[in-house]
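Please read the structure below before turning to the comments.
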Amino acid sequence: MKQTQTIEENKPVAENTQRISGSEAIVKCLIAEGVDVLYGYPGGAIMPVYDELYKYQDKLHHVLTRHEQGATHAAQGYARISGRVGVAIATSGPGATNLITGIADAQIDSTPMVCITGQVASHLLGSDAFQETDIVGISTPITKWNHQITKASEIPEVIAKAFYIAKSGRPGPVLIDITKDAQFEELDFSYKKCEGIRSYKPIPKVDNEQLKAAAELINNAKKPLVVWGQGVILGEAEEEFKAVIEKAGLPSAWTILGASAIPTSHPLNVGMVGMHGNYAPNVLTNECDVLIAIGMRFDDRVTGNLATYAKQAQVVHFEIDPAEVDKNVKTDVAVLGDAKESLTELLPLLDKNSHSEWHQKFKDLYQIEFEKVIKNDLHPTKEGLTMGEVLKEINIQTKGEAAIVSDVGQHQMIACRYAEFNQTKSNITSGGLGTMGFGLPAAIGAKMAAPEREVISICGDGGYQMTIQELGTIFQTKAAVKVVVLNNDFLGMVRQWQQLFFDKRYASTELVNPDFVTIAKGYFLNAKRVTKREELAEAVKEMIESKEPYFLEVCVEKEDNVFPMIPTGATVSDIRLE
């Protein structure tokens, strides 16, 4: 979406208007968009809006996070598990700039989010007034659209556009900056949801000829491989995707944001691609004859060295965003459009197939990975606990029904590799930006959006401490999040690289940690520490059965590594098992 900072004034006043302040108009707009909860932190430049939120508590629940970054991640977690637009709000200056990490994360992971920031009065703009920052300029590269409002009359139209742009097509974050005088100023208020914007076409029309060409390549393939991403989930195309791969017998691998679109146990689910993905789909990427990419963007962590990535294959790319086609990997057939629509139209064009011999290759390579890696992760013989066996126990206790919200690091890769997902929107993590500190606040938002689901935050001891203050948000809201910290006293992923590629020079990666259980209890949370294997099952059971928030620290092996691993700059077929 092209960035712009100009917008037409609202049309002449309609008969059903009412005279209200800009700040009240903001709250009424949010309610009209169906927002039931928003996350934020008050301050001077946004105070008029908070005064109105106080009056509308029965219709719109505000969650006071302990940091504005936590507000954005909570809004992301809310959006990712619900499919709705998450909302975060902050004041000007440092409040606004503290949103930036979450906004950047939402942009690269295509998360629908609307952020509203207060701004100094319009006559002070550009004067370096107290707590003034050019948040529109700062956020321009990392938002789908942004806009500064200086007149109250602009508020309804701009907010309507913000929600439409954030959710339509390929979703993303939108930021609206509103000067303080616009919040106080009165307007004749009426609201109409935005249903389209001239020149903005969020969903390309499916080209039937490209669709037929794609079907022909798939039907003639001897060694097809599907790699699907979050586009399947964002497009709510899980059933259509399942029908396509089952009819054509297509082995299908996932990116970390695509995980859970089909159950982990589905016979056509051959595992995760990428740097710490499964052995078979990575190696066989460079043996397949047709590579079918669906709702994914060929990120470098998936492809490894592009010069050697799937050069033998014809590539079919199903994608909603034209900018992603041919950006990294040259395609033979590109099918632009919404995943649900494209896959629905593709299904009748496909031949029934099984590819049994090709499937056997995946099974054979899986067995190699099981013997060299998986068995040691899930059924260790060493004395110390592994991260993998913690995830295995969580699978047993939740029967694969939990939503796993992971932070970033070794534990994230272990969670993605070993968590069992039986329903969609169950793997919530920071993919493209790799934001440490994401897991805890995102789990709060996820739990509030889906209170009926078990939501478990999987964190490392490093990332957890970046947003540990959000335990206060859990305590205040009573959101029954289950927090698991896999503690190895290291910044584990960086340490692994230092071990493998920097001759074990552990520069600034060993952590001297506090007593996490005592801290959790200081926030009045139930908390326990596990140091021995025989304690694990009972502790996880107690955590899962609790109806209240719960903190569980599991002390794991300090220098365990995550394998398989594709070294930086290597090809996918050079994946290491040890």
Side-chain angles (χ1 to χ4, degrees), residues 253-267 269-282 301 362 365-382 384-424 426-431 439 443 454-460 463 482-488 492-493 496 530 533 536-537 539-541 543-544 552 554-557 560-566 575 577-578:
W254 38 274
T255 69
I256 63 170
L257 295 186
S260 81
I262 59 173
T264 304
S265 58
H266 193 287
N269 186 337
V270 296
M272 180 171 75
V273 292
M275 179 171 282
H276 291 286
N278 293 103
Y279 188 56
N282 274 306
R301 285 293 174 100
F362 287 89
L365 291 179
Y366 171 82
Q367 202 56 43
I368 293 172
E369 182 183 351
F370 181 84
E371 291 298 325
K372 285 187 171 289
V373 178
I374 298 171
K375 184 168 69 174
N376 296 326
D377 284 344
L378 301 185
H379 310 282
T381 55
K382 65 181 79 172
L385 284 159
T386 67
M387 295 184 185
E389 63 185 312
V390 179
L391 267 296
K392 184 182 79 168
E393 190 58 43
I394 289 172
N395 291 335
I396 292 169
Q397 300 284 352
T398 64
K399 299 179 173 57
E401 298 295 334
I404 303 296
V405 186
S406 57
D407 208 84
V408 171
Q410 287 182 315
H411 62 280
Q412 175 191 34
M413 294 297 102
I414 290 292
C416 290
R417 283 177 55 80
Y418 294 124
E420 292 177 3
F421 301 118
N422 290 332
Q423 60 178 300
T424 189
S426 291
N427 185 45
I428 299 169
T429 193
S430 172
E454 191 71 72
V455 175
I456 302 175
S457 174
I458 305 292
C459 297
K482 310 299 170 62
V483 182
V484 179
V485 168
L486 303 179
N487 184 2
N488 58 11
M493 186 63 80
Q496 177 170 335
V530 168
R533 184 165 289 116
L536 180 63
V540 173
K541 182 173 184 287
M543 176 183 74
I544 299 302
L552 178 64
V554 184
C555 299
V556 297
E557 283 281 321
D560 269 357
N561 291 329
V562 181
F563 287 105
M565 179 181 184
I566 302 170
I575 188 168
L577 290 172
E578 54 189 6

Main chain of P263, side chain of N269: is a donor-acceptor contact present, judged purely on distance under 3.5 Å? yes
If I compare all heavy atoms of I575 with all of G277, which pair ends up nearest, and what's the gap? CD1-O, 3.9 Å
Minimum heavy-atom distance D407-G463, with the two atoms named: OD2-CA, 3.5 Å
Please enumerate all residues that pass salt bridge (charged side-chain N to carboxylate O under 4.0 Å, His left out) together with E389, with sequence neighbours excluded. R533
What are the two closest non-hydrogen atoms of V405 and G439, and how far apart are they? CG1-O, 3.5 Å
Rounded to the nearest 0.5 Å, the OG atom of S265 sits from the CZ atom of F421 at a distance of 12.5 Å
Criterion side chain to side chain contact (heavy atoms under 4.5 Å, CB included) on L385 and V554, from CA distance to verdict: CA-CA 8 Å; L385 284 159; V554 184; 3.8 Å; yes
In terms of side-chain heavy atoms, does E454 have a donor or acceptor partner in T398 at a distance below 3.5 Å? no
A side-chain contact here means heavy atoms from C-beta on lying under 4.5 Å apart; do V540 and L552 qualify? yes
Distance from I404 atom CD1 to K482 atom NZ, nearest 0.5 Å? 11.5 Å
Any heavy-atom pair between the side chains of V390 and L486 that's under 4.5 Å? yes
F563 vs L577, side chain to side chain contact (heavy atoms under 4.5 Å, CB included): CA-CA, chis, key distance, verdict: CA-CA 6 Å; F563 287 105; L577 290 172; 5.8 Å; no
N488: which of E557, H411, M387 passes side chain to side chain contact (heavy atoms under 4.5 Å, CB included): M387
Which heavy atom of A261 sits nearest a heavy atom of T424, and at what distance? CA-OG1, 4.1 Å
Residues passing the salt bridge (charged side-chain N to carboxylate O under 4.0 Å, His left out) test with K399, sequence neighbours excluded, are none
Could you check whether any side-chain heavy atom of P564 comes within less than 4.5 Å of a side-chain heavy atom of V373, counting everything from C-beta outward? yes
Should I458 and V483 count as side-chain neighbours, where that means a heavy-atom distance under 4.5 Å? no
For E369 and N278, does a side-chain donor sit closer than 3.5 Å to a side-chain acceptor? yes
OG1 (T386) and CG (N376) are apart, to the nearest 0.5 Å, by 9.0 Å
Of the non-hydrogen atoms in L378 and G388, which two are nearest, and what is the gap between them? CD2-O, 3.3 Å
Rounded to the nearest 0.5 Å, how far does CD of E401 lie from CG of N395? 11.0 Å
List the steps and the verdict of side chain to side chain contact (heavy atoms under 4.5 Å, CB included) for T264 and N422. CA-CA 7 Å; T264 304; N422 290 332; 5.7 Å; no
CG of D377 to CG of L391: how many Å apart, nearest 0.5 Å? 10.0 Å
The test is side chain to side chain contact (heavy atoms under 4.5 Å, CB included); show your working for V556 and N487 and say whether it passes. CA-CA 6 Å; V556 297; N487 184 2; 5.8 Å; no
Atom CD1 of I374 and atom CD1 of I368: how far apart are they, to the nearest 0.5 Å? 11.5 Å
Tell me whether Q412 contacts the main-chain N or O of S430 through its side chain, where contact means a donor paired with an acceptor under 3.5 Å. yes
With no hydrogens and no angle check, just 3.5 Å: does a side-chain donor-acceptor pair link T429 and S406? yes
From the list E578, M413, H276, side chain to side chain contact (heavy atoms under 4.5 Å, CB included) with M565 holds only for H276
In the structure I gave you, are the side-chain heavy atoms of I256 and M275 within less than 4.5 Å of one another anywhere? no
Tightest non-hydrogen contact, residues P281 and V273, listed as CB-CG1, 3.8 Å
Quick test of your reading of the model: are D560 and K382 salt-bridged, counting only N-O distances below 4.0 Å? yes
